[in-house]
Amino acid sequence: MSNILTLPPSRLEVMRHLEGYVDQMTNKFLRPIDNNWQPADLLPDASKLDFFDKVKDLQERARELSYDFWIVLIGDMITEEALPTYESWLMDVEGVHQGDKENPWSRWIRGWTAEENRHGDLLNKYLYLSGRVNMREVEISTQHLINDGVDIHTAKDPYRSFVYTSFQELATNLSHRRVALLAKKSGNTHLAKMCSFIAADENRHAGAYKHFVSRIFELDPSEMMLAFEDMMKKKIIMPAHYLRESGGKIGELFAHFSDAAQRTMVYTTHDYIDIMNSLIKEWNIDSMRELNDSAEKARDYIMGLPARLQRISERMKTPEIPYQFKWITV
Ligand SMILES: [Fe+2]
Ligand SMILES: [Fe+2]
């Protein structure tokens with residue numbers, strides 16, 4: 001789909017109608033900044049005398065973790081660090097009005113971005129201190145990802161965009177949670193705590209985006225159903241889809257990153273299907289009424305999709321030998 005998508009005028013009406021509701025959701029789903037956790041709460045304090053002992057301890061614990069584990073954590077960090085891309089995309093969505101500072105939609109997106117910004121910040125500092133990572137290569141990949149941009153096939157459509165963010169926040173919640181679990185299993189409770197904190201944020205954010213879509217289903221069911229179908233047909237593209245390393249081509253690294261995520265069971269094809277099923281349930285797709293003919297067909301397509309993907313995924317195989325990334329040299 002090109003970025004020029006003609007949207008029905010109902011989009012703007014619905015977005016305007018929901019402004020008061022979004023204000024409430026912003027207060028409900030985002031934390032007050034002064035009490036919120038900050039990366040400094042979870043990292044050694046360089047102004048303290050015990051800083052070097054703490055870093056030594058952090059580096060010793062980091063030795064226990066596997067190659068694939070580091071690849072997943074680095075890839076997760078880079079995609080968190082590409083936050084400027086996601087903020088600029090959401091600010092451009094129809095009905096958001098970023099020029100109006102007081103508009104509830106733009107206020108939500110600023111607040112969401114401000115919370116998200118801590119994720120890349122925390123993981124970046126941890127990876128730097130761990131001593132396991134070639135930071136220059138990681139930073140090159142981050143710069144490339146922001147420079148390349150992503151096309152997640154939503155254009156400026158709020159309906160498609162909120163399907164995407166609902167899905168994406170659930171996926172990141174799951175992957176940060178799994179990374180936390182792996183860290184805990186290897187005795188690294190410190191890293192486990194960091195990833196659990198991030199996962200909890202992602203869960204709150206998913207809650208908000210799922211509510212936005214639920215409200216839109218109440219107001220404009222057929223159009224919302226068609227948007228959901230369209231996003232499912234195209235598949236949800238992870239921002240990591242466009243990852244590359246120095247000297248490489250755009251997107252070349254994604255399959256290798258994804259293989260590491262499958263091998264460590266941090267994020268698998270089954271998780272993709274599980275998330276789809278949970279959204280189908282959350283939005284009561286099965287029992288939705290008052291749909292026009294094409295939306296009825298879209299609903300049938302969505303309901304049949306998890307089983308179809310399940311059959312395809314059973315035939316897929318993940319390579320056993322990891323690719324040698326430039327991100328890790330020691
Ligand atoms: Fe995040
Ligand atoms: Fe997120």
Side-chain angles (χ1 to χ4, degrees), residues 22 25-26 28-31 33 36-43 71-91 93 96 105-127 138 141-142 145-146 149-150 152 154 158 160-183 191-213 231 236-243 257 261 266-267 271-272 274-276 278-279 282:
V22 170
M25 292 296 105
T26 301
K28 183 176 171 193
F29 283 100
L30 299 181
R31 291 268 155 83
I33 294 173
N36 215 347
W37 67 264
Q38 296 299 335
D41 302 335
L42 296 151
L43 291 162
I71 293 306
V72 170
L73 191 59
I74 294 167
D76 285 352
M77 184 275 264
I78 294 171
T79 50
E80 292 283 357
E81 289 282 59
L83 185 60
T85 304
Y86 322 135
E87 185 183 25
S88 52
W89 149 59
L90 285 168
M91 279 298 191
V93 162
V96 169
W105 285 109
S106 72
R107 206 170 76 82
W108 158 264
I109 289 162
R110 285 200 311 276
W112 169 83
T113 305
E115 281 203 345
E116 284 285 341
N117 188 54
R118 290 134 65 245
H119 302 169
D121 191 1
L122 173 60
L123 294 178
N124 193 325
K125 282 173 179 145
Y126 173 78
L127 287 172
V138 170
S141 285
T142 306
L145 188 60
I146 297 172
V150 295
I152 47 188
T154 58
R160 286 176 174 81
S161 297
F162 298 147
V163 168
Y164 183 88
T165 48
S166 298
F167 200 104
Q168 188 60 32
E169 297 286 20
L170 288 173
T172 48
N173 165 262
L174 198 66
S175 62
H176 288 305
R177 251 194 301 143
R178 296 253 175 81
V179 170
L181 211 65
L182 288 174
L191 178 57
K193 192 172 168 186
M194 290 184 220
C195 296
S196 310
F197 274 37
I198 297 174
D201 279 5
E202 309 291 15
N203 195 41
R204 270 190 293 112
H205 298 164
Y209 286 116
K210 285 190 288 184
H211 274 74
F212 298 165
V213 173
M231 291 307 290
I236 300 289
I237 296 167
M238 303 295 153
H241 198 85
Y242 297 92
L243 272 177
F257 166 69
V266 164
Y267 187 76
D271 294 322
Y272 185 94
D274 285 349
I275 291 173
M276 195 185 300
S278 80
L279 291 175
E282 172 88 26

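Order of appearance sets the numbers: ligands from 1, and atoms from 1 within every ligand.
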- prompt: Under the 3.5 angstrom rule, does the side chain of Tyr272 hit a backbone N or O of Ile236 as a donor-acceptor pair?
  reply: yes
- request: Would you please classify the geometry between the His211 ring and the Phe29 ring as parallel, tilted or perpendicular, with 30° and 60° separating the classes?
  value: tilted
- prompt: Shortest non-hydrogen contact from Val179 to Cys195?
  reply: CG1-SG, 3.7 Å
message: the Fe ion (ligand 1) and Glu80: any N/O/S contact shorter than 2.8 Å?
response: yes
- request: State whether His119 contributes an N/O/S atom found under 2.8 Å from the Fe ion (ligand 1).
  value: yes
message: Angle at the Fe ion (ligand 1), OE2 of Glu202 to OE1 of Glu116, rounded to 10 degrees, please.
response: 130°
task: Restricting to N/O/S, name the atom of Glu169 that gets closest to the Fe ion (ligand 2).
output: OE1
task: Name the orientation class of the two ring planes belonging to Trp89 and Tyr164 (parallel below 30°, tilted from 30 to 60°, perpendicular beyond 60°).
output: perpendicular
